[in-house]
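Heads up: the structure comes next, in structure tokens.
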2 protein chains.
Amino acid sequence: MKDVAARAGVGLKTVSRVVNGEPGVTPETERRVQEAIDALGFRRNDSARVLRKGRTASIGLVLEDLADPFYGPLSRAVEEVARAHGALLINGSSAEDPERERELVLALCARRVDGLIVIPAGDDHRYLEPEIGAGMAAVFVDRPAGRIDADVVLSDSYGGARAGVAHLIAYGHRRIGFVGDHPRIHTATERLRGYRAAMAEAGLPVADSWVSLGSTDPERVTGAATAMLSGPEPVTALFAGNNRVTVTAVRVLAGLPRPVALVGFDDFELADLLRPGVTVVAQDAAALGRVAADRLFHRLTGATPRPARTELPTRLIPRGSGEIPPGA
Amino acid sequence: MKDVAARAGVGLKTVSRVVNGEPGVTPETERRVQEAIDALGFRRNDSARVLRKGRTASIGLVLEDLADPFYGPLSRAVEEVARAHGALLINGSSAEDPERERELVLALCARRVDGLIVIPAGDDHRYLEPEIGAGMAAVFVDRPAGRIDADVVLSDSYGGARAGVAHLIAYGHRRIGFVGDHPRIHTATERLRGYRAAMAEAGLPVADSWVSLGSTDPERVTGAATAMLSGPEPVTALFAGNNRVTVTAVRVLAGLPRPVALVGFDDFELADLLRPGVTVVAQDAAALGRVAADRLFHRLTGATPRPARTELPTRLIPRGSGEIPPGA
DNA sequence: CTGAAAGCGCTTACAG
DNA sequence: CTGAAAGCGCTTACAG
């Protein structure tokens with residue numbers, strides 16, 4: 001900028017005015033400055049600008065895995081809101097590791113992102129207290145923050161799972177298996193709670209062997225589902241706790257001689273083209289991202305509402321797999 | 001930092017040493033400084049650090065759409081390489097709009113990211129010349145840069161499409177349709193070139209009505225595929241130019257009374273569970289990202305190889321849909 | 001309409 | 001082992 005000023009024969013502040021389109025510069029001066037800018041290939045260094053202004057015009061998004069199809073639309077929705085506010089998105093994957101989540105979040109704080117959207121891997125976020133105290137805005141998505149009071153935007157996991165299991169019960173099932181994600185993950189336990197509620201409301205018992213929480217690794221899920229489907233009193237229907245479990249469950253059921261009912265949490269592409277089509281409890285990933293980002297930018301404009309919990313509804317989409325009666 | 005120094009009764013530089021783990025500080029001094037840091041909730045402001053050091057420890061990734069399942073694994077792979085080098089990832093979607101791509105890229109340059117990975121939407125990147133001249137490193141992925149000489153990492157679209165179409169020909173097809181992305185997109189024209197090569201090598205003519213390039217919008221693709229499949233001399237097989245076209249083609253074919261062969265470019269989840277399984281020419285999205293990021297960081301360590309073009313091989317995966325003979 | 005001085009919060013290059 | 005001064009490249013708050 002100094003070089004530009006020298007070449008155009010003006011002061012630093014005038015260059016700054018031209019670069020930022022501020023008023024109060026003669027057309028002739030502006031022309032000279034612009035010429036110098038072009039000749040020197042000058043581009044404003046935003047690092048310096050950020051240091052002076054205090055705002056980085058960027059927000060951080062920490063999620064589990066950018067490669068998971070659930071997070072793509074969510075990220076994109078956050079990005080669109082950020083873009084509408086002139087902010088860039090810094091993205092990071094925690095790989096479901098609380099320590100990695102913490103490192104990422106603190107690195108983003110050190111960069112002074114204007115705000116943070118976090119899909120938490122860990123269940124203790126007290127490490128964020130000093131940051132929030134220092135003015136950092138943070139919104140949690142998909143799972144609540146642990147041990148701190150913060151905004152959170154969730155899908156109605158409990159209600160969705162309950163409706164999905166009730167759907168299977170309505171089709172005559174009495175022995176229904178539940179295969180879900182690791183019990184450390186909030187959505188997994190909420191969905192299990194929904195399953196138990198639906199069973200209890202129908203007066204049905206739940207055998208321990210019908211419930212399996214753990215890694216969504218295909219081998220683990222295959223083993224768990226296969227165990228429930230064998231033995232003297234196999235389950236006649238399966239409720240899958242998330243998209244990855246559902247996909248593996250579809251593979252397991254495809255290899256079975258008899259049809260078994262299946263309802264999965266999370267919709268996925270082509271679910272309608274499988275035979276049978278896969279009945280799912282759909283959640284709106286893009287809406288989760290959009291609502292969370294809106295909340296964040298609301299805070300960034302100076303509003304300081306008390307931290308709130310927002311639950312987005314889910315939607316049951318019958319496609320065939322969830323309407324198979326027991327013993328079909 | 002000034003406050004920390006004052007509270008600990010030391011100089012600024014000593015605080016800096018402790019914060020950065022530099023040697024040459026008495027344990028006792030370090031303890032005092034650490035205490036002040038904790039008491040004040042101090043966190044180093046990386047904006048200032050960046051300004052002084054000249055490196056932001058971040059790279060930019062501009063792609064078409066974060067929500068597209070093809071880009072998720074690619075982004076994640078880039079992120080992992082960046083992480084290994086201590087860098088964060090700033091992500092942006094061009095939405096296939098050249099002007100938006102340009103805005104994003106220039107915004108990232110203004111932030112002085114250390115390097116750039118770009119999946120180009122436009123075909124003229126001369127706007128990057130001043131930046132590259134000023135030392136910005138850029139690697140293009142999936143499609144080459146337009147009108148500038150730059151590193152590029154691609155899948156072998158030509159060879160993959162040619163192999164896919166040859167596969168259909170080997171199963172007896174003579175009239176094969178090609179539905180692809182917009183002709184402005186490099187991969188679309190390369191895959192079309194592969195299609196034409198395979199047809200020519202088999203001595204087969206290509207009717208104009210068998211080829212349709214354009215938007216991957218489901219309506220457009222449905223119309224194009226339907227037209228090729230009707231009339232007095234309908235095609236007996238379809239080659240789909242990318243993942244989104246393939247998905248729509250599967251839907252179209254599912255509604256047809258007779259079986260029609262299909263080979264798609266890009267693999268997708270559950271392709272093996274559809275009936276018939278979908279035969280695809282698979283490319284490795286994660287490898288594209290990994291190789292591009294490796295190249296970028298190689299440049300960032302000071303190496304200045306001449307810009308090179310790297311082509312990653314594709315792999316034909318027969319699953320059933322591509323092995324349906326004509327008139328089956 | 002224009003510009004000189006101070007300062008954002010660090011690191012660098014020295015000096016003690 | 002420790003620290004004072006200068007500077008990274010901008011913007012802010014003034015003054016003319």
Salt bridge or not between [X] and [Y]? Use side-chain N to carboxylate O under 4.0 Å.
X	Y	answer
R31(A)	E35(A)	yes
E103(B)	R100(B)	no
E96(B)	R244(B)	no
E64(B)	R76(A)	no
E129(B)	R147(B)	no

[N] [atom2] sits how many Å from [X] [atom1], rounded?
X	N	atom1	atom2	result
D3(A)	dC8(D)	CG	P	11 Å
R55(B)	dG9(D)	CZ	C1'	19 Å
L12(A)	dA6(C)	CG	P	14 Å

> Under 4.0 angstrom, heavy atoms only, what part of the nucleic acid is T29(A) near: base, sugar-phosphate, or nothing?
Replying inline: sugar-phosphate

> According to the interplanar angle, ranging from 0 to 90°, do the rings of H125(A) and F140(A) count as parallel (below 30°), tilted (30 to 60°) or perpendicular (above 60°)?
Replying inline: perpendicular

> Taking a pair as Watson-Crick (N1 to N3 plus N6-O4 or O6-N4) or G-U wobble (N1-O2 and O6-N3), both under 3.5 Å, which stems of 3 or more consecutive pairs involve DNA chain C?
Replying inline: C:1-3 with D:14-16, C:5-12 with D:5-12, C:14-16 with D:1-3

Check nucleotides 12-16 of chain D for protein N or O atoms closer than 3.5 Å to its own N or O atoms and list the pairs.
none

Closest to the [X] side chain, choosing from [options]:
X	options	value
A48(B)	dC10(C), dG9(D), dT2(C)	dC10(C)
R44(A)	dT2(D), dT11(C), dT11(D)	dT11(D)
N20(A)	dT11(D), dT11(C), dT2(C)	dT11(D)
L51(B)	dC10(C), dT2(C), dG9(D)	dG9(D)

> When the nearest nucleotide of DNA chain D is assigned to P23(B) and to R112(B) on a heavy-atom basis, which residue is associated with the more 5' position?
Replying inline: P23(B)

>> Quick check on side-chain contact (heavy atoms from CB on, under 4.5 Å): which of I119(A), I90(A), V141(A), L108(A) does V62(A) satisfy it with?
In response: L108(A)

> Do R309(B) and E311(B) pass the salt bridge (Lys or Arg N to Asp or Glu O under 4.0 Å) test, and can you show the C-alpha distance, the side-chain angles, and the key distance before you say yes or no?
Replying inline: CA-CA 7 Å; R309(B) 174 193 184 100; E311(B) 270 196 9; 3.5 Å; yes

>> Working note: K13(A) + E22(A), criterion salt bridge (Lys or Arg N to Asp or Glu O under 4.0 Å); need CA distance, chi angles, decisive distance, verdict.
In response: CA-CA 10 Å; K13(A) 178 60 205 173; E22(A) 288 167 26; 3.5 Å; yes

